[in-house]
Amino acid sequence: IQHLHECWLDECLKSVWEQDFKQTMELSVFNDASKDSSAEIIAKWKMKLEDAGVPVIIGSNNSSQPRGVGFAKNQAVIQSSGAYLCFLDSDDVMMPQRVRLQYEAAIQHPNSIVGCQVRREPPMSTERYTRWINNLTEEQLLTQVFTSHGPTVIMPTWFCSREWFYHVGKFDEGGKGVPEDLLFFYKHIQKGGEVVRVNHCLLLYRYHPQAATHSVLEETIWNHRVRFLEDRVLSSWTSFTIWNAGKQGKKLYRSLSPANRKKVTAFCDVDEKKITRGFYTFEESEERPKPKIPICHFREATPPFIICVKLVSSLSCMNLGLFYLLAQQHYMHK
């Protein structure tokens, strides 16, 4: 438990106490400069948990300013001693079988981040996102890492070995506005880590305005996603087509490194108006003449494609920019 939310902390700690895991378990709590009654709530549960045979290690940042979610998570790990790490945010609630089932999965998959299905609270918040979290297939846990949703198993559900955590290299400690979970997840993938999900709902996952995730700008996440796409995919492609000659496709093109922009052979689309224009001029370029990228109908386009679409959910009003990789065989072959 890292970033403390006083009003939910009691329920959160009760869910630790109710775990049905029969082996040794400890609780590592890091209080990142909270000024509410969190410390008293923790002290109460420390006695209860230790009476039940669960040691509780408490660390805190006593300065006037929080150091941020990445720092707090790292401190909670450093001060603990277990061979496996089960992450839990202080505004969430575990089901009694969470530690047991994820531990069993982690033993089978030592180089993995193990997640689980979740129940959202309030129930209708981020409905599309919750459906995505819970229904990805085993293959999609790896192939959909390029979408705007972020990690294919969400951070509050993570379970992994301590050894693997240190192999990946801890969380970014840049503080507010840094998507530390996304950056850790990308490093995990780059080091050959597996992504596994226990197909049981093991966490009540709260949605509320105070959540740290709201402090991360959409543009920051976009830039990290583009760099990851370039590193994982485009570095091994000599050319490709961007599927979408509209706003999102052009934004992707402009966000690419100069070397990867040169690999774009065309934009393709189905919109006749866009196709009739014939090409897209990259006005911001300092090159002379300015690069002109052809726009063609998708039937005339050459794979591989980066499909770049923006979905707007009328239910959640979330803008979900997605990168999809078509020509999967081509990608896997590369």
Side-chain angles (χ1 to χ4, degrees), residues 1-20 38 41 69-70 72-73 85-102 105 112-138 140-160 171 179-182 184-185 195-218 220-221 225 310-322:
I1 301 170
Q2 310 88 21
H3 186 71
L4 297 166
H5 294 92
E6 174 191 20
C7 55
W8 294 299
L9 187 55
D10 208 59
E11 199 183 351
C12 173
L13 293 171
K14 183 171 183 276
S15 77
V16 176
W17 186 62
E18 290 175 341
Q19 289 302 297
D20 65 13
S38 295
I41 297 167
V69 181
K73 285 172 182 164
L85 307 170
C86 177
F87 290 93
L88 175 63
D89 287 348
S90 55
D91 49 355
D92 296 331
V93 179
M94 298 194 286
M95 303 304 133
Q97 67 274 37
R98 180 187 172 189
V99 172
R100 174 173 55 84
L101 293 180
Q102 288 192 297
S112 65
I113 290 176
V114 178
C116 65
Q117 293 172 324
V118 301
R119 177 159 63 84
R120 203 59 154 138
E121 181 65 38
M124 296 301 284
S125 55
T126 67
E127 192 181 19
R128 187 200 292 272
Y129 177 52
T130 307
R131 200 163 54 238
W132 181 80
I133 292 165
N134 288 336
N135 295 307
L136 290 172
T137 65
E138 204 175 310
Q140 286 171 332
L141 290 172
L142 278 175
T143 59
Q144 294 213 6
V145 295
F146 301 99
T147 74
S148 67
H149 287 311
T152 49
V153 288
I154 59 165
M155 199 276 144
T157 72
W158 286 3
F159 193 109
C160 65
F171 289 104
E180 81 298 325
D181 56 341
L182 184 68
F184 185 93
F185 187 73
V195 184
V196 174
R197 189 186 66 221
V198 174
N199 288 323
H200 292 277
C201 176
L202 303 178
L203 190 79
L204 177 75
Y205 177 39
R206 278 204 173 88
Y207 179 82
H208 56 89
Q210 293 81 40
T213 185
H214 297 310
S215 71
V216 183
L217 297 173
E218 207 177 297
T220 302
I221 291 180
R225 287 172 57 217
K310 188 166 190 173
L311 302 179
V312 180
S313 163
S314 57
L315 290 167
S316 63
C317 299
M318 285 174 67
N319 288 330
L320 308 173
L322 307 180

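Only heavy atoms go into these numbers, but all of them, side chains included; no hydrogens, no water, no symmetry mates.
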### Message
With heavy-atom distances below 4.5 Å as the criterion, would you say the side chains of His149 and Ile154 are in contact?
### Response
no
### Atom pair CD/NE2 of Gln97 and His200 - distance to nearest 0.5 Å
7.5 Å
### Message
I need the Glu121 CD to Thr130 OG1 distance, nearest 0.5 Å.
### Response
11.0 Å
#### Entry: Rounded distance (nearest 0.5 Å) linking atom CG of Asp10 with atom OG of Ser15
10.5 Å
### Query
If you take all heavy atoms of Arg225 and Phe146, which pair is closest and at what distance?
NH2-O, 3.2 Å
#### Entry: Residues Phe185, Thr152; criterion side chain to side chain contact (heavy atoms under 4.5 Å, CB included); working and verdict
CA-CA 9 Å; Phe185 187 73; Thr152 49; 3.4 Å; yes
### Task
Answer yes or no: is there a side-chain heavy-atom contact under 4.5 Å between Pro156 and Leu88?
no
### Summary
Correct closest heavy-atom pair for Gln19 and Met95 would be NE2-O, 2.9 Å
### Task
For residues Phe159 and Val198, determine if any side-chain heavy atom of one lies less than 4.5 Å from a side-chain heavy atom of the other.
no
### Summary
Of all heavy-atom pairs linking Tyr205 and Ile133, the shortest is CE2-CD1, 4.3 Å
### Query
Ignoring hydrogens and geometry, is there a side-chain-to-backbone donor-acceptor pair from Asn199 to Gln117 under 3.5 Å?
no
### Query
Going from OH on Tyr129 to CZ on Arg120, what distance comes out if it is rounded to the nearest 0.5 angstrom?
7.0 Å
### Task
For the residue pair Arg98 and Leu203, establish whether any side-chain heavy-atom pair is separated by less than 4.5 Å.
yes
### Summary
Scanning both residues in full, the closest heavy-atom pair of Asn135 with Gln140 reads O-OE1, 4.1 Å
## Note on the structure
Interatomic distance, CZ@Arg100 vs SG@Cys86, rounded to 0.5 Å, equals 13.0 Å
### Min side-chain heavy-atom separation Ile113-Phe184 under 4.5 Å
yes
### Query
Roughly how far, to the nearest 0.5 Å, is CE of Met124 from CD of Glu127?
4.0 Å
### Query
Taking all non-hydrogen atoms of both residues, which atom of Cys160 and which atom of Ser112 are closest, and how far apart?
CB-O, 3.5 Å
### Residue pair Leu13 / Trp17, side-chain heavy-atom distance below 4.5 Å
no
#### Entry: Contact summary for Gln102 and Val114, nearest pair of heavy atoms
NE2-O, 3.2 Å
### Task
Side-chain contact test, heavy atoms from C-beta onward, threshold under 4.5 Å: evaluate it for Trp8 versus Asp92 and give yes or no.
no
### Task
State yes or no: are the ring centers of Phe171 and Phe87 separated by less than 6.0 Å?
yes
### Query
Does a side-chain heavy-atom distance below 4.5 Å link Pro179 with Thr220?
yes
